[in-house]
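Structure, as structure tokens:
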Amino acid sequence: METIKATVEQVEDKHFIKIEVRNAQISIPMSEDKPNEVKSAFNKLITRIKDGEFQIELADVGEDLFSQVAKDYITQLNREIKAVHGEMKQFG
């Protein structure tokens, strides 16, 4: 199983989870309510699942609130990736 790196990044007063996927970057906003950007990020991850199962690993987890939230977010996201991959495999 491949491991993909993610980081928590701050741009001005906004925080994001940045995930590196095949020379592209997926950005999930954490400090703003932007459902379309979150949906777009999930669609890109689902597209990536078609190529094989993977897990996301958060690099440099800090003690700040956004790092801790991102850690929990990634844990849940990995569960979802595993479940979706299993369903895709089951249905061919």
Side-chain angles (χ1 to χ4, degrees):
M1 177 185 322
E2 184 178 352
T3 299
I4 295 174
K5 299 290 182 188
T7 57
V8 176
E9 293 187 10
Q10 181 177 353
V11 178
E12 296 175 8
D13 62 340
K14 298 173 182 143
H15 291 80
F16 302 88
I17 298 173
K18 301 281 187 169
I19 304 169
E20 294 292 328
V21 179
R22 298 209 175 126
N23 300 325
Q25 194 173 71
I26 297 172
S27 180
I28 302 172
M30 292 178 32
S31 56
E32 295 180 287
D33 185 24
K34 295 204 171 188
N36 288 336
E37 286 185 28
V38 173
K39 184 178 176 180
S40 174
F42 288 150
N43 286 338
K44 290 174 185 175
L45 288 171
I46 288 172
T47 300
R48 171 57 184 85
I49 292 171
K50 292 178 183 177
D51 296 334
E53 190 175 3
F54 63 95
Q55 68 178 10
I56 301 169
E57 181 180 282
L58 187 61
D60 303 324
V61 180
E63 294 298 318
D64 62 289
L65 177 63
F66 284 105
S67 291
Q68 293 302 309
V69 169
K71 180 180 172 186
D72 290 340
Y73 198 102
I74 295 294
T75 299
Q76 181 62 35
L77 193 53
N78 281 330
R79 282 190 206 122
E80 295 296 326
I81 289 168
K82 187 173 186 173
V84 169
H85 182 263
E87 288 176 18
M88 290 175 121
K89 198 173 182 181
Q90 180 181 3
F91 294 110

Between Met30 and Ile17, is there a side-chain heavy-atom distance shorter than 4.5 Å?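 Side chain of Ile17 against side chain of Met30, heavy atoms only: contact under 4.5 Å found.
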Quick one: does Val21's side chain get under 4.5 Å of Phe54's, heavy atoms only?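 Result no, sub-4.5 Å side-chain heavy-atom pair not found.
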Which atom pairs, one a donor and one an acceptor, fall under 3.5 Å between side chains of residues 34-44 and the rest of the protein, sequence neighbours left out?
unit_1: Asn43; atom_1: ND2; unit_2: Lys39; atom_2: O; d: 3.4

Supply the atom-to-atom distance [X] [atom1] to [Y] [atom2], rounded to the nearest 0.5 angstrom.
X: Thr47; Y: Ile26; atom1: OG1; atom2: CD1; answer: 8.5 Å
X: Asn78; Y: Leu58; atom1: CG; atom2: CG; answer: 10.0 Å
X: Lys14; Y: Glu32; atom1: NZ; atom2: CD; answer: 4.5 Å
X: Leu77; Y: Gln55; atom1: CG; atom2: CD; answer: 11.5 Å

Which pairs with one or both residues in residues 3-28 pass ring-ring contact (aromatic ring centres under 6.0 Å, His included), sequence neighbours excluded?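 Sorted result for residues 3-28: His15-Phe66.
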Contact summary for Val8 and Ser67, nearest pair of heavy atoms: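 In this case the closest contact between Val8 and Ser67 is CG2-CA, 4.2 Å.
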Any salt bridge (Lys or Arg N to Asp or Glu O under 4.0 Å) involving residues 55-79? Give me the pairs, sequence neighbours left out, ordered by first then second residue.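 For residues 55-79: Lys5-Glu57.
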For Lys82, I'd like to know if atom NZ has over 12 heavy atoms of other residues, nucleotides or ligands within 6.0 Å.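 Incorrect, the count does not exceed 12.
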Same cluster (ILVMFWY, side-chain, under 4.5 Å), Val11 and Ile19: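 No; tracing contacts between hydrophobic side chains, which count when under 4.5 Å, never links both residues.
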Going hydrophobic residue to hydrophobic residue with side-chain gaps under 4.5 angstrom, can you get from Met1 over to Leu45?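 Different clusters: Met1 never reaches Leu45 through Ile, Leu, Val, Met, Phe, Trp or Tyr contacts under 4.5 Å.
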Going by side chain to side chain contact (heavy atoms under 4.5 Å, CB included), name the residues that satisfy it together with Asp51, two or more places apart in sequence or in a different chain.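 Side chain to side chain contact (heavy atoms under 4.5 Å, CB included) list for Asp51, sorted by chain: Arg22, Arg48.
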Mind checking what makes side-chain hydrogen bond (donor to acceptor under 3.5 Å, both in side chains) contact with Gln68, not counting sequence neighbours?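 For Gln68 there are no side-chain hydrogen bond (donor to acceptor under 3.5 Å, both in side chains) partners, ignoring immediate neighbours.
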Residues forming a side-chain hydrogen bond (donor to acceptor under 3.5 Å, both in side chains) with Thr7, sequence neighbours excluded: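 Listed in chain order: Glu9.
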